[in-house]
Amino acid sequence: MWEYTDKVKDHFLNPRNVGAMENPDAVGETGSLSCGDALKLFLKINKNDRITDASFMTFGCASAVASSSALTEMVKGITLDDALKITNDDIADYLDGLPKAKMHCSVMGQDALRKAINNYRGIQIMEKPGNVVCECFGVTDIEIINAVKANHLESAEDVTGYLKAGGGCGNCLERIEEIVEAAKAEA
Amino acid sequence: MKNQGRNGMNIVYTDNNATTRVAPEVLEEMLPYLSEYYGNPSSMHSFGGNVGRKITEARAKVADLINADPDEIIFTSCGTESDNAAIHAALEANPEKRHIVTSNVEHPAVKNTLERLAKKGYTVTFVPVDTKGRLDIDLLYKSMSENTALVTLMWANNETGVIFPIKEIAKKANERGILLHTDAVQAAGKIPIDVKDSGVDMLSLSGHKIHAPKGVGVLYVKKGLKFTSFMTGGHQEKGRRGGTENTASIIGLGRACELAKDHLGEMDKRVRQMRDYLERQLLEKIPSSSINGGIKDRLPNTLSIGFDAVEGESILLLMDQAGICASSGSACTSGSLDPSHVLMAMKVPFESAHGTIRFSLSIYNTMEEMDHIGTVLPQVIKRLRDMSPFWKNKD
């Protein structure tokens with residue numbers, strides 16, 4: 001049941017920097033109610049592009065709360081450029097690891113952070129949308145290919161752990177497996 | 001009796017639909033058959049034969065709980081095996097029929113077995129339930145056809161406790177020459193079950209849901225039904241289930257069934273009162289909470305309650321800190337990421353489905369424990385809502 005590291009437990013039971021921020025300079029939101037987890041990240045940024053404060057609100061499981069808490073600790077005091085270098089693996093490492101099936105919680109952290117910084121900078125990211133493979137969680141083939149390459153994922157199960165894709169009805173699992181195989185061959 | 005945790009902390013165990021403690025009386029009955037009386041009940045010598053006699057006694061006690069004849073009781077390894085065996089037997093008995101009717105809220109033991117059969121070429125109709133978890137009886141009857149070999153439906157739902165009208169359905173199925181199997185794993189020991197009165201053809205039970213140990217189950221098969229064994233092997237269980245008997249557990253199950261029958265009144269009164277008291281407290285103290293399947297025809301021990309804008313695993317782990325054991329209705333805890341298929345079938349909104357907790361009581365619970373939950377849970381929900389981006393400070 002508690003298959004979490006002590007760090008995850010600690011950040012879940014004693015989350016750092018919880019709550020909405022008054023007059024944040026940047027906000028990044030990711031996830032949704034239907035997905036089962038969501039994160040709203042708030043940042044204070046000074047004129048030197050340095051993050052001076054961070055807080056979060058999270059709906060989700062223990063590892064989602066812990067990943068959010070860890071993220072806020074990690075970004076405080078660093079520059080936006082350095083913050084953009086933080087990957088989901090860094091968040092998981094900060095917590096001494098996350099169960100494979102919960103890696104999507106760290107992905108959520110990375111995603112919210114990028115959204116917050118891009119919003120602050122006024123950058124709009126337009127990406128080739130790709131084709132939705134997982135209807136339950138709205139995950140596209142391009143997202144899957146990127147995740148497989150970035151994280152050296154081996155199987156559809158790994159993809160579910162990282163992106164949730166395939167974790168709902170499961171109808172797309174065979175298609176995900178094909179995409180994983182193709183992406184591995186390319187990588 | 002207090003549930004003492006290993007660490008000395010008092011555990012409030014309200015997860016009895018998942019599994020139950022072995023009753024002390026059951027354990028006592030079993031112990032000699034795990035030590036000095038190790039004979040094989042099939043042996044010719046009296047050392048084994050004495051064990052065989054105890055199994056005969058246990059069979060009679062199990063039969064008595066559901067008003068069956070002892071000959072109609074087959075011991076299996078678990079409820080899941082019983083379900084598999086029943087479905088297998090029904091299809092073998094009707095090789096020309098290729099259609100099965102069930103509901104869309106069944107336990108995985110039935111659901112996944114039927115999904116596999118569908119892949120093998122059988123047609124399976126999953127009849128929907130309404131938002132209260134009640135079966136659409138009209139659609140169920142319309143789904144039965146000449147080609148239907150089996151209707152298999154749970155007697156009561158494990159997540160919500162909602163009870164299906166099995167007697168009424170069995171009558172309709174029998175009229176049309178269709179076999180009726182019911183998974184009564186959650187119903188047994190909580191409400192009266194009478195196989196003769198209800199007219200079911202096959203019925204599954206599980207030992208560990210009624211204070212017997214894990215690893216023993218029962219399949220009731222109505223006398224005269226053509227039954228082909230699922231597990232082939234020796235002559236045990238009159239050739240209907242091969243494999244040397246799980247003697248100690250079967251003997252324990254016999255005692256557990258005896259106790260369960262004695263406790264049915266307490267289930268209906270004291271346990272129901274505790275459940276209703278807990279339900280009332282939580283609804284009063286926690287805003288934006290709602291009961292899933294909160295209807296009259298519901299098991300007296302089960303409470304499925306959803307809390308908006310918070311997530312089940314977090315609730316469970318914070319309750320765990322206070323020594324409270326329960327289950328969640330969202331499946332983040334069980335590998336899958338969607339809320340349970342039962343809550344989805346009932347069209348429970350995502351907002352409360354992800355934050356659904358199931359409490360399932362037993363006769364070993366106390367009002368004091370309900371008060372403990374009633375004190376802890378409002379704090380847990382508030383704490384999680386305070387950090388939830390979806391909680392708009394409603395309180």
Side-chain angles (χ1 to χ4, degrees), chain A residues 1-4 8-9 12-20 27-42 55-66 68-69 72 99-102 104-105 112 134-137 139 157 160-161 163-170 173, chain B residues 15 18 104 108 111-112 115 119 288 306-322 325-341 343-345 347-356 380-393:
Chain A
M1 177 75 236
W2 275 103
E3 46 180 50
Y4 292 124
V8 174
K9 286 184 199 177
F12 169 61
L13 294 174
N14 311 296
R16 283 57 146 179
N17 316 305
V18 185
V27 177
E29 283 181 84
T30 189
S32 74
L33 251 179
S34 61
C35 290
D37 50 20
L39 161 61
K40 192 169 183 180
L41 178 71
F42 305 85
S55 75
F56 75 93
M57 297 194 80
T58 288
F59 159 76
C61 56
S63 54
V65 173
S68 311
S69 168
T72 55
K100 237 181 181 179
K102 299 283 191 182
H104 59 83
C105 296
C134 170
E135 300 276 353
C136 296
F137 293 110
V139 182
E157 199 187 334
T160 306
L163 298 175
K164 297 185 139 195
C169 70
L173 282 170
Chain B
D15 202 10
N104 63 353
K111 178 176 178 273
N112 292 347
E115 282 172 4
K119 281 188 187 154
S288 300
F307 305 103
D308 288 2
V310 288
E311 197 276 332
E313 185 199 89
S314 290
I315 303 171
L316 287 185
L317 295 182
L318 289 180
M319 285 203 300
D320 188 51
Q321 293 291 302
C325 309
S327 285
S328 79
S330 82
C332 217
T333 46
S334 65
S336 161
L337 299 162
D338 263 359
S340 81
H341 72 284
L343 298 180
M344 290 292 92
K347 301 192 167 59
V348 175
F350 278 115
E351 184 162 40
S352 64
H354 280 296
T356 285
V380 165
I381 300 298
K382 178 167 190 320
R383 176 170 167 179
L384 291 171
R385 280 178 173 168
D386 282 347
M387 71 169 90
S388 169
F390 299 121
W391 185 248
K392 309 292 184 203
N393 293 321

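Nothing here was measured: the structure is a model prediction, and the numbers come from that model. Convention: sequence-line order gives letters A, B, ...; per-chain numbering from 1.
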Specify the closest pair of heavy atoms between [X] and [Y], including all atoms of both residues, with the distance to one decimal.
X: Glu313(B); Y: Ala62(A); result: OE1-N, 2.8 Å
X: Gly60(A); Y: Ser314(B); result: O-OG, 2.6 Å
X: Arg383(B); Y: Pro15(A); result: NH2-CD, 4.4 Å
X: Leu317(B); Y: Tyr4(A); result: CD1-CE1, 3.9 Å
X: Phe12(A); Y: Leu384(B); result: CE1-CD2, 4.5 Å

If you round to the nearest 0.5 Å, how far is [atom2] of [Y] from [atom1] of [X]?
X: Leu13(A); Y: Gln321(B); atom1: CG; atom2: CD; value: 4.5 Å
X: Met57(A); Y: Phe390(B); atom1: CE; atom2: CZ; value: 10.5 Å
X: Glu351(B); Y: Phe59(A); atom1: CD; atom2: CZ; value: 8.5 Å

- Could you check if a side-chain atom of Met387(B) sits within less than 4.5 angstrom of a side-chain atom of Val65(A), using non-hydrogen atoms only? yes
- Glu115(B): what forms a salt bridge (Lys or Arg N to Asp or Glu O under 4.0 Å) with it, not counting sequence neighbours? Lys111(B)
- Note on the structure: Those residues at least two apart in sequence (or on a different chain) that pass salt bridge (Lys or Arg N to Asp or Glu O under 4.0 Å) with Lys347(B) are none
- Determine the option with the most heavy-atom pairs under 4.5 angstrom with chain A, choosing from Pro389(B), Ser388(B), Pro349(B), Ala309(B).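 Option with the top pair count is Pro389(B).
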- Task: Measure distances from Ser63(A) to the heavy atoms of chain B and classify the residue's part below 4.5 Å as side chain, backbone, both or neither.
- Result: backbone
- What part of Ser32(A) gets closer than 4.5 Å to chain B, counting heavy atoms only: side chain, backbone, both or neither?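 It is the backbone, since no side chain atom gets that close.
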